[in-house]
Each structure stands twice: as C-alpha cells, then as structure tokens.
Number of protein chains: 2
Amino acid sequence: MEEKKQATIVDVAKAAGVSVATVSRVVNGNYPVKRETQEKVKAAINSLNYVPNVQARELNTRKSTTIGVVVPGLHNMFFAEVIDGIEEAVRQIGFSFLLNCAKNDPKQESQAINALVARNVSGIIVISPNTKNIKESFYEKLVERVPLVFINGYHRINGVSYVGNDEQLGCKTALDYLQGLGHKRILFVRGDNSDSYDIKEETYRQVMTEDSNTAEAYIVNIGEGNGVDTVDATMAVLVKKLPQLKPTAIFCCNDLMAVGALNACKRLRLSVPQDISIMGYDNIALSRLVEPKLTTMDQNMFQLGESAAKLLIETIRGGKSKRILLDNVLVVRDTTGEVSR
Amino acid sequence: MEEKKQATIVDVAKAAGVSVATVSRVVNGNYPVKRETQEKVKAAINSLNYVPNVQARELNTRKSTTIGVVVPGLHNMFFAEVIDGIEEAVRQIGFSFLLNCAKNDPKQESQAINALVARNVSGIIVISPNTKNIKESFYEKLVERVPLVFINGYHRINGVSYVGNDEQLGCKTALDYLQGLGHKRILFVRGDNSDSYDIKEETYRQVMTEDSNTAEAYIVNIGEGNGVDTVDATMAVLVKKLPQLKPTAIFCCNDLMAVGALNACKRLRLSVPQDISIMGYDNIALSRLVEPKLTTMDQNMFQLGESAAKLLIETIRGGKSKRILLDNVLVVRDTTGEVSR
DNA sequence: CTGTTAGCGCCTTCAT
DNA sequence: ATGAAGGCGCTAACAG
C-alpha cells in the first residue's frame with residue numbers, strides 16, 4: 001500500500017544474478033540468451049512483478065509508440081466512431097494514443113497539440129482541423145517536427161497526409177439517386193461553417209441547375225450542424241419551410257439534420273417516404289435507430305479512423321505523406337421512395 | 001523535413017550562454033533567476049522552438065501527469081459522454097489521458113491496463129470493469145501499484161475508489177413515478193450480464209410485489225444490452241410480447257432498449273403515451289432525438305466522468321480512496337402519461 | 001553468450 | 001543567482 005516503488009531492471013538483474021544488459025535482452029528478445037539464464041531472469045521478473053518502464057526506454061531510443069489524436073468533441077457520434085477505428089488500428093501494432101478535445105476552439109486545438117508534442121508523441125491525427133489554425137500556418141511549422149494526418153481537412157498542406165471521403169462524388173450519387181426516383185423539387189439542408197457543407201452545396205447547384213433553376217430558394221441553412229441541438233433546430237426550421245416550399249425530397253448534409261427533417265415531417269403529418277423522401281449523410285448509428293430507418297450515404301467512419309492511423313504509422317516509419325480518398329456508398333433504407341404523383 | 005531533431009535543454013543553454021540548470025529554472029519557474037537571464041533564456045527557447053521533453057522530466061521526477069482510461073467501447077454514446085467529462089477535468093489540471101477500449105473482453109482489458117502501467121500513468125479510470133477480472137483479484141494487486149477509480153463497478157475492492165449512480169434509488173423513483181400515473185402492469189426490459197440490470201431487476205421485484213405478483217412474466221431479457229443491435233433486438237422481442245402481455249407501461253434498463261420499445265409500438269400501431277407509456281434510463285443524447293422524446297432517468301454521464309477524474313487526481317496526490325454515489329434525476333418528456341382506462 | 005559503460009533529456013542537491 | 005554533477009530506468013555499442 002505504501003508507495004512501494006516499482007521494481008526496476010536493476011532489481012531484476014540483482015535478483016537473477018545477472019547484468020542489466022541480460023535482463024534487457026530477455027525482455028526485448030533481440031539478442032541470444034542462454035536457455036537457463038532466460039529462465040532465471042523470467043523468474044525474477046515474475047516474482048518482482050517487474051514491468052519495463054516504457055518512458056525510459058523511449059527516452060533512450062528516441063522512439064515513441066504513442067500517438068496523439070485531436071478531435072472537436074465526442075458529443076457527435078461521428079467522431080466516436082472514427083476514434084473507434086483509430087483505436088483498433090493503433091492497438092494492433094502496440095501503440096497507444098492520447099486523446100484531446102478541441103471543442104472547435106482554435107486556441108484549445110493548438111494548445112492540445114503542443115501538449116502532445118511535449119509528450120513526445122511520434123505522430124498526430126487531427127480530425128476536422130480548425131480552419132483558423134490552418135490559415136495561420138500553424139500546421140506548416142508543426143509538420144516539420146512531427147508527422148501529421150488530417151481527417152476531413154479540406155486544405156492541402158505540404159507534408160501533411162490526408163484521409164477523407166469523396167463527398168463531392170458521394171453527394172452527386174445521392175442526388176442522382178433521388179432524381180432517378182423522379183424527384184425534381186429537392187430541398188438542400190446544410191449547416192454553418194464547414195467546408196464539407198460548401199462542397200455539397202456546390203455539387204447540389206451543379207446537379208440541380210441542369211434540370212431546374214429553383215435551386216436557390218431550396219437551399220436552407222439550419223445553423224450549427226454538429227451540436228446537440230442540431231436535430232431540434234432542423235425540425236424547427238423545416239416545420240416552417242416545408243409547407244411553403246413543398247419539396248418531394250429532402251437532402252440533408254448529415255444524419256442529425258435528416259432526423260430533424262424526419263421529426264418535422266411527423267409534426268406536419270407527412271408520411272415518409274410516401275409523401276416525401278428524406279436522405280441523410282454519414283450513416284452514423286443513429287440512422288438505423290429511428291423509425292423509419294434513414295436512407296443515407298455511408299462515410300464509414302471506422303474505416304476513416306483506421307486508415308488514418310495506418311497512414312500515420314507508415315509516415316512515422318519513414319513513408320512519404322499522401323492522400324487517401326474513400327468512396328461513400330449509398331445505403332438505401334426506408335426514408336426514400338418514388339415520387340408520388 | 002529531414003528529421004531535424006528537437007532542440008534540447010542543452011541546446012538552449014548553449015544558445016543562451018547559461019547552464020542547463022538555469023534553463024530548467026526558468027522553464028519551471030521554481031527558483032529565482034535574474035530578470036535579464038530570464039530574457040536571454042526565453043529568447044533562446046523561442047528561436048530554437050524548444051519544447052521541454054515531458055518524458056524525460058517525468059522519468060527524472062518519478063511523477064507522471066498522464067492517466068489511463070479504459071472503456072468497453074465507444075459505440076455506446078453513454079461512454080462517449082463519460083469520456084467527455086473525464087477529458088474536461090483532466091485538461092483543466094494539465095494532465096493528459098491515454099484511452100483504451102476493452103471490448104468487454106477481460107483479456108483485452110487486463111492487457112490494456114498493463115500497457116498503461118508500463119507507460120507510467122499516475123492513475124487509471126476503468127469504466128464498467130470486467131467482472132471476471134474482478135473475481136480473479138487482478139485489480140486487488142493492481143491497486144497496490146497505481147491508484148484506481150471504477151465508474152459503474154459494483155464490487156467493493158479495498159483501496160479502489162468508486163463513482164457511480166444510485167441506480168437502486170433511481171429505479172425506484174422511476175417505478176414510483178409510473179405507478180403514480182396509475183400503471184399496474186409494467187413490463188421490465190433488461191439485458192444480459194450486467195450488475196446494473198440485476199440491481200434494477202431486484203428493485204423492480206420489490207416494488208412490484210407490493211401490489212401484484214404478476215412480476216415474473218413481465219421481466220424480459222433482450223440479450224446484449226449495449227450493442228449496435230440492441231434497439232432492433234428489443235423491438236423484435238417486444239413486437240411479440242406486447243400483444244400477449246398487454247402492459248400499460250414499459251420500464252427499460254437503458255435508453256437503447258427504450259427506443260427499441262418505441263419502435264415496437266410504432267409497428268404495432270400503439271400510440272405513445274396514449275396507449276402505452278415508455279420509460280428509459282441513462283438520458284443519452286439519443287433520448288432527445290427520437291419522436292416522441294423519451295422520458296428517462298438522467299445518469300449525468302458527463303458528471304460521472306468529471307467526478308471520477310477529480311477523485312483520481314485527488315488519490316494520486318495522496319488522498320484516500322472513497323466512494324461517490326450520484327443521484328439520478330427523473331426527466332419527464334413525452335413518452336409517459338396517465339394510464340388509459 | 002554475457003557484462004560494462006555511456007548516454008537519452010531533464011531536475012536537483014550541493015557548491016560557489 | 002548560477003553552475004557542476006549525479007542519477008531517473010533503460011538500451012546499445014563494445015569488450016570479453
């Protein structure tokens with residue numbers, strides 16, 4: 001109980017009657033050691049309950065087996081699933097990771113990253129890096145010091161790796177699908193301040209103007225798109241807009257908004273998908289939990305995290321930075337159907 | 001780009017024309033240093049972009065400012081919210097944390113913990129510690145080496161701190177509320193293998209037998225209670241049970257099950273809460289996102305995490321282990337109402 | 001095969 | 001107020 005300090009390699013060496021070097025060798029198994037000596041050492045390790053001090057090891061070898069992960073927050077299930085993927089990949093190669101939340105605050109983000117650097121992480125994954133920090137070339141300097149992978153960052157920085165989804169293509173796929181069902185009046189629902197929304201809006205404009213030019217009025221911004229209140233905010237806005245705009249389908253930039261749209265329809269006694277179709281984006285767990293289940297574009301968050309982790313490790317081991325773009329796949333469930341006539 | 005190795009304290013000392021001791025002093029501000037010398041050192045630090053190596057510092061001082069967190073997984077939003085609370089508390093005092101997922105696997109859990117110990121964490125928070133590991137006194141030995149806090153662990157271990165909810169009282173509150181609304185036939189929905197469910201079931205039995213003795217048939221187990229499929233599994237089971245049992249209310253051991261119950265009612269065209277009341281437990285974000293919004297018991301996960309982190313830090317600094325029991329509070333929303341007659 | 005030794009980057013007496 | 005030197009626990013040559 002009384003802070004009995006941990007056994008060190010010296011203690012083990014003493015107990016086994018060998019040198020510290022020998023202990024180190026059997027622990028790491030990187031040099032030949034005679035059978036019997038091994039036994040003795042292992043016995044000593046067990047009886048002393050010895051656990052090698054990774055900090056000391058890494059200080060010495062100037063390597064590090066922990067990486068840093070910076071995320072806007074855990075409230076959004078999207079991020080939780082990404083982290084799940086990172087965890088899986090990281091664990092498999094014996095690395096650990098330090099987690100930090102930046103809360104969409106550029107200062108908090110850069111502080112978190114400095115703390116990570118001080119702790120000697122061998123690389124950092126940043127999910128949705130803050131635009132302000134990017135602008136101020138914070139990351140340009142950082143990447144000269146430590147390997148960096150962005151998940152869902154939309155700006156190129158020399159030397160920074162990048163994993164993301166082809167949201168442009170994904171969005172087009174979704175819209176094409178809706179049009180294929182006969183929908184002409186498609187409402188576009190987005191949130192504030194995200195390159196992701198901008199990309200989708202641009203795609204929407206391209207796709208829609210080919211057929212119609214009503215697009216402008218059909219683009220609605222519901223404010224903060226990733227918060228706890230996104231669902232309710234979306235519902236509130238759509239309860240007003242829907243009766244006047246009378247779309248036959250709603251494309252939402254993420255599943256939270258889509259659930260909000262679904263709830264709005266319930267309020268208005270519009271039945272989905274008979275009266276109106278709803279399409280989400282992301283395929284977070286929530287999309288399968290509501291009734292009816294959401295049709296959505298799968299961003300495969302787990303794979304996003306997994307790829308990012310693998311890419312980072314690769315870079316740490318000397319690989320060059322690169323970009324990986326995953327394809328989104330359409331998941332048809334119960335909120336979309338042929339346009340009613 | 002080329003692995004330009006970090007500046008060390010020696011580099012700074014050289015650049016500033018002082019000794020390493022002096023640099024150390026201005027960095028840590030723990031000993032007096034003349035004004036001008038400070039300036040010189042700070043200038044050197046800036047120009048060299050020096051960041052103190054925490055690993056080396058901690059090796060030397062035998063202290064550590066990182067803690068470990070072990071969680072069953074991130075799929076369940078419950079855990080994500082707890083971690084959010086931990087993150088907040090930990091960051092405020094300048095600590096960091098390593099995150100590990102144990103996936104409900106006792107071996108993975110103990111491995112994760114060993115990795116944490118090797119990395120010299122100053123304490124560990126375990127969320128829902130695995131019963132098997134507890135039985136095998138894994139934790140009893142561990143706590144002699146490093147401070148431990150359990151969140152939602154239901155077994156006392158000497159020296160281990162504990163933060164949890166008074167689920168017994170919470171459950172009784174919920175049931176009383178339902179009975180106050182006039183409900184007699186209350187279905188009890190639980191999952192497999194969790195002390196949490198056992199406690200609630202026991203409470204249910206006590207409360208119910210006072211009035212009726214139909215309890216037995218009204219207890220239904222839907223299997224895995226925290227997975228991605230919990231909602232659907234619950235729905236499937238209840239779609240069968242509801243017509244035969246005809247309860248007027250359903251008490252669910254967590255919100256996932258409650259959403260499943262809600263979906264089952266939709267399928268059966270039972271309207272909630274007019275035909276039947278549904279009560280969840282936890283108050284995860286999801287409970288506010290469905291329509292109608294769930295009435296539930298708030299476990300305040302954020303506070304759970306925050307308290308655990310603070311308690312751990314306290315213990316690390318020499319405090320004695322203790323138990324904290326938070327009170328759950330009833331959150332009345334839209335899925336419960338007076339029994340219909 | 002095994003032992004000896006020199007650091008890794010930093011903090012901390014102990015002198016000055 | 002500052003510098004010199006020892007050591008935290010470990011690994012990696014270098015000898016034997």
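Every chain is numbered from 1 and lettered A, B, ... according to where its sequence line falls, protein lines coming before strand lines.
- Distance from the side chain of A/Lys34 is smallest to C/dT2 among C/dT2, C/dG9, C/dC11.
- Picking from C/dT2, C/dC11, D/dG3 the nucleotide with the shortest atom distance to the side chain of A/Thr22 gives C/dT2.
- Comparing A/Val20 and A/Arg35 by the nucleotide of DNA chain C whose heavy atom lies nearest to each, the residue mapping closer to the 5' end is A/Arg35.
- If you check C/dT4, D/dC10, C/dG9 against the side chain of A/Ala56, the one that comes closest is D/dC10.
- Nearest nucleotide to the B/Thr61 side chain, out of C/dC11, C/dT13, D/dA1: C/dC11.
- Here B/Thr8 lies in heavy-atom contact (under 4.0 Å) with sugar-phosphate atoms only.
- With C/dC10, C/dG3, D/dA4 as the candidates, the nucleotide lying closest to the side chain of A/Arg25 is C/dG3.
- Taking every side-chain heavy atom of A/Ala21 into account, C/dG3 is the closest of C/dC10, C/dG3, C/dT2.
- Between D/dG3, D/dG9, C/dG9, one nucleotide has an atom nearer to the side chain of A/Ile9 than all others, and that is D/dG9.
- At a cut-off of 3.5 Å, with distance as the only test, no side-chain donor of A/Arg119 or A/Ser64 sits close to an acceptor on the other residue.
- Contact annotation for A/Val54: no contact, since no heavy-atom pair falls under 4.0 Å across all strands.
- Per the geometry, CG belonging to A/Leu59 stands 9 Å off C1' belonging to D/dC8, to the nearest Å.
- Nearest to the side-chain atoms of B/Arg57 among the listed nucleotides C/dC10, D/dC10, C/dG9 stands C/dC10.
- If you check every strand for non-hydrogen atoms under 4.0 Å, A/Val27 touches nothing.
- Side-chain contact check for B/Glu109 and B/Asn133: at least one donor-acceptor pair (N or O, by modelled atom type) lies under 3.5 Å.
- The side chain of B/Arg62 approaches D/dC8 more closely than any other nucleotide in the set D/dC8, C/dG3, C/dC8.
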